[in-house]
> 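There's a structure below that I have some questions on.
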There are 2 protein chains.
Amino acid sequence: MAQGRRQTGAGRGVTMRDVADRAGVGLATVSRVVNGVSGVAPELAEKVREAARDLGYRHDATASSLRRADRRTDTVALVLEDVANPFSSALQRAITDAAAERGIMVLSGSSDENPSRERDLVETFTARRADGLIVVPTGRADDALRAARIFGTPLVAVDRMVDLEGVDTVTVDNREGTAAAAARLHAAGHRRVAYFGDQPTIWTADERLAGFSDIFPVGPATPVRRGLSSVQAAEHAAHEALASPEPPTAFVSGQNLITIGIRRALQEAGLEHRIALVGFDDFPLADLLTPGVSVIAQDPARLGLEAARLLFARLDGDEGPARHCVVPTRYIARGSGEIPAPSARP
Amino acid sequence: MAQGRRQTGAGRGVTMRDVADRAGVGLATVSRVVNGVSGVAPELAEKVREAARDLGYRHDATASSLRRADRRTDTVALVLEDVANPFSSALQRAITDAAAERGIMVLSGSSDENPSRERDLVETFTARRADGLIVVPTGRADDALRAARIFGTPLVAVDRMVDLEGVDTVTVDNREGTAAAAARLHAAGHRRVAYFGDQPTIWTADERLAGFSDIFPVGPATPVRRGLSSVQAAEHAAHEALASPEPPTAFVSGQNLITIGIRRALQEAGLEHRIALVGFDDFPLADLLTPGVSVIAQDPARLGLEAARLLFARLDGDEGPARHCVVPTRYIARGSGEIPAPSARP
DNA sequence: TTGAAAGCGATACCAT
DNA sequence: ATGGTATCGCTTTCAA
């Protein structure tokens, strides 16, 4: 059987007018029944529902929102860094769930850290008249977001701060979390500690490095590598660091892919039990590796929930000043971060 | 600064009419310019673009599709099992990328293996007039999908087969892949092998079990556990199996969460080097564990791409008979599946 | 080449 | 309580 656009008389093309005619009522009455407006005689309502069923009527949300006074589409859009990243997908899941409770759908796309892709996405989403936007911004001075704000679409920046007044934000305590983890390494005797981070354009990358530097000011003993954005790049850089005359006794990573890359290099060199490693952002199976990977864990579900709440408040008419929500991180000791410096070993 | 709906005169509420008036041209001309229809005098077109820029005009894709002859919304919808699952998010990513190339957006939602949630999602998506649907069906006789087909929205089922004529499908060779892996265990001397699988309502769960049974017919030596759908459940079941008088010498898992649960139990019992484990579906870091986890790997990106292709062909007017695309799996030996049976050990 | 006008499917006002 | 009708923002004839 072929899959055609119009294979049966039912479905496509059946409008409220058709339903009204078949039920022998006015167009407005059908609209009331479909929208569950009270004040329609029960028997009429039943007749309408029957006609709708017979004809295979399907409500057109598109036309509905066009005519509606509030112009709502009951859709919010989500611009992530990469849907396939576990952090992003946990965020998406939390937001989608929160939205579903209100009967709101979620559109999403990946910017891949590319400002022009981000711009395209924001443009497409506003063209589709999303009621609101939740964005993981690619940059601090974000053009795409500025455009959306001018257009008037409520907007929440999540995971990263942005230099735009009046934008609600949700972030984690990147600096404090990283500093606390670094302090633990310091207490365990580490003095030669390498920091591997993401691209400096990303706000979180700056914050985390700052937290690290609070404990280990950058110097010859504390090499800093930035601009790492894939497992392979981090793995390669870690191999280089291990091959240097005075290799670090510990690594701090600013991102989960980097953490995995470093760990991969350590395992290849057979050093995972001798060199400490702490990563920012938890990842699945970190606890099943031996030794387990200690991390500064974020709570992406919580982040998403707070972002959704902020956005929904705006959708509900909140016109107050911008709010900034900071979600705490949590250090999870699994072993790799608890390896002491050689000097401190018995 | 407050975040209002209408904080500047620009943006919201600016229609083509406004642009037309400011540019001193007709409404139709603006429409032509915006849609890039050739045949407008260059100077007029420039005037229109300028007016649009000045007023902060944003095209309304909603109204556009309503009036357009083909009624296209340039949106396809995706019903996944759980966006947060790596398999699902890889699928989503591949489909979103393929769609983006054609200027198509992707709506998505998670059914959580719940038929009524699936139904809601399909309903919402068709109400939003998605041009097409890609669904990971929760059941074989899927009501939600039947409804969508009657409505006439092109539909592709991915990952799982469905008892509905005329529906395009993309799956992997579940049975063959599992049988091949089981055969390897048999060759390595294993005779007491446990199979842990997902809920029997899921088509893939049946297929994979069938593949296992092709090599190890179900009997006392080959216990089968079904209905496992979380890491915890699998872990618990694995502990039980290990505590039995004659524990299996190998495990075969029908799903990635189950694989992880079994592995967790093995590590807790200190048996990960003595009892073999092969899982269906690869997962991140499977190679970093010691021993690495051998898997029957699917290629979710490929699955998504094929599904998108099938759907786009329908959108392009293909009315041919339903097509079924089968993507091959690949066994990846990492160690856990290569542990020989004790009887076969020197 | 350009513009006026009809109408996509639904909502909301205003009569009845 | 119910129905007629103007209208949402846009595309698409059809005339000029």
Side-chain angles (χ1 to χ4, degrees), chain A residues 5-6 11-49 51-52 55-74 126-131 151-152, chain B residues 5 11-48 51-52 55-74 126-131 151-152:
Chain A
R5 280 236 118 185
R6 190 184 259 289
R12 206 154 275 280
V14 178
T15 76
M16 275 192 175
R17 178 76 265 159
D18 302 324
V19 176
D21 290 348
R22 176 171 244 258
V25 301
L27 177 55
T29 301
V30 178
S31 176
R32 288 184 190 108
V33 172
V34 168
N35 290 289
V37 176
S38 64
V40 180
E43 62 229 65
L44 257 197
E46 191 40 56
K47 248 203 286 192
V48 168
R49 268 187 288 269
L55 294 170
Y57 169 77
R58 315 239 71 187
H59 189 63
D60 188 327
T62 296
S64 166
S65 91
L66 177 62
R67 192 55 183 84
R68 194 177 276 149
D70 56 14
R71 299 283 278 109
R72 283 285 174 87
T73 56
D74 293 329
T126 52
R128 293 252 153 63
R129 294 300 187 269
D131 295 333
F151 185 52
Chain B
R5 279 237 116 184
R12 206 153 274 279
V14 177
T15 77
M16 276 192 175
R17 179 77 266 158
D18 301 325
V19 176
D21 290 347
R22 175 171 245 258
V25 301
L27 177 53
T29 302
V30 178
S31 175
R32 289 184 189 110
V33 173
V34 167
N35 289 291
V37 175
S38 65
V40 180
E43 62 230 63
L44 257 199
E46 191 41 55
K47 247 203 285 192
V48 168
L55 294 171
Y57 170 76
R58 315 238 74 188
H59 189 63
D60 188 327
T62 295
S64 166
S65 91
L66 178 61
R67 190 59 183 82
R68 193 177 278 150
D70 57 15
R71 301 283 279 110
R72 284 285 173 87
T73 56
D74 293 329
T126 52
R128 292 245 169 24
R129 293 300 187 268
D131 295 332
F151 186 52

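Numbers restart at 1 for each chain; the letters A, B, ... are given by sequence-line order, proteins then strands.
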> What nucleic acid atoms does B/Ala28 come within less than 4.0 Å of, heavy atoms only: base, sugar-phosphate, or nothing?
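The residue B/Ala28 makes base contact.
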> Please confirm whether the backbone N or O of A/Ser65 pairs with a side-chain atom of A/Arg71, one donor and one acceptor, at under 3.5 Å?
yes
> Taking atom types as they are modelled, would you say the side chain of B/Arg71 forms a donor-acceptor pair with the base of C/dG9 within the 3.5 Å cutoff?
no
> Do side-chain atoms of B/Arg58 reach the backbone of A/Arg129 as a donor and acceptor pair under 3.5 angstrom?
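The answer is no, because no donor-acceptor pair under 3.5 Å joins these two groups.
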> Taking the side chain of A/Leu66 as its heavy atoms from C-beta onward, which of C/dA10, C/dA12, D/dG9 lies nearest to it?
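Nearest listed nucleotide: D/dG9.
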> Figure out the CZ/P separation between A/Arg72 and C/dA12, and round it to whole Å.
13 Å
> Between atom CZ in B/Arg67 and atom C1' in C/dA5, what is the gap in whole Å?
10 Å
> How many Å lie between CG on B/Asp18 and P on D/dG9, as a whole number?
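The answer, rounded to whole Å, is 9 Å.
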> Once rounded to the nearest 0.5 Å, what's the spacing between atom OG1 of B/Thr29 and atom NZ of B/Lys47?
10.5 Å
> What's the closest nucleotide to the B/Asp60 side chain, out of C/dT2, C/dT11, D/dC10?
D/dC10
> Do the side chain of A/Asp70 and the main chain of A/Arg72 share a donor and acceptor less than 3.5 angstrom apart?
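Yes; at least one donor-acceptor contact below 3.5 Å.
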> Using a heavy-atom cut-off of 4.0 Å across all strands, would you classify A/Arg32 as base, sugar-phosphate, or nothing?
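Base: the residue A/Arg32, judged by heavy atoms under 4.0 Å, touches a nucleobase.
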> Base, sugar-phosphate, or nothing: which does A/Val34 touch, judged by heavy atoms less than 4.0 Å apart?
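No contact.
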> Among C/dC14, C/dC8, C/dG3, which nucleotide has an atom closest to any side-chain atom of B/Val25?
C/dG3
> To the nearest Å, give me how far apart CE (A/Met16) and C1' (D/dG3) are.
14 Å
> How would you label the contact of A/Ala69 with the nucleic acid (heavy atoms, under 4.0 Å): base, sugar-phosphate, or nothing?
sugar-phosphate
> Between B/Arg128 and A/Thr73, is there a donor-acceptor pair closer than 3.5 Å when you use the side chain of the first and the backbone of the second?
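The answer is yes, because a donor-acceptor pair under 3.5 Å joins these two groups.
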> When you measure from the side-chain N and O atoms of A/Thr29 to the phosphate of D/dT2, is any distance below 4.0 Å, counting only OP1 and OP2?
no
> What integer distance in Å separates A/Tyr57:OH from C/dG9:P?
10 Å
> If you go through the side-chain atoms of A/Arg129, does one of them form a donor-acceptor pair with the base of D/dG9 closer than 3.5 Å?
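No, the side chain and the base share no sub-3.5 Å donor-acceptor pair.
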> Hey, is B/Asp21 close enough to B/Arg17 for a salt bridge, meaning N to O under 4.0 Å?
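Counted as a salt bridge, because a side-chain N and a carboxylate O are separated by less than 4.0 Å.
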> Just compare D/dT12, C/dT2, C/dT11 and give me whichever is closest to any side-chain atom of B/Ser31.
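Taking heavy atoms from C-beta onward, the closest nucleotide is D/dT12.
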> Nearest whole Å is fine: how far is D/dG9 P from B/Leu55 CG?
14 Å
> Mapping B/Ala63 and B/Arg17 onto DNA chain C by nearest heavy atom, which one lands closer to the 5' end?
B/Arg17
> Between D/dT12, C/dT11, C/dT2, which nucleotide gets closest to the side-chain atoms of B/Arg68?
D/dT12
> Distance check needed: C/dC13 P versus A/Asp70 CG, whole Å only.
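Rounding to the nearest Å, CG of A/Asp70 and P of C/dC13 are 12 Å apart.
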> Whole angstroms only, please: what is the CG-C1' distance between B/Leu27 and D/dG9?
8 Å
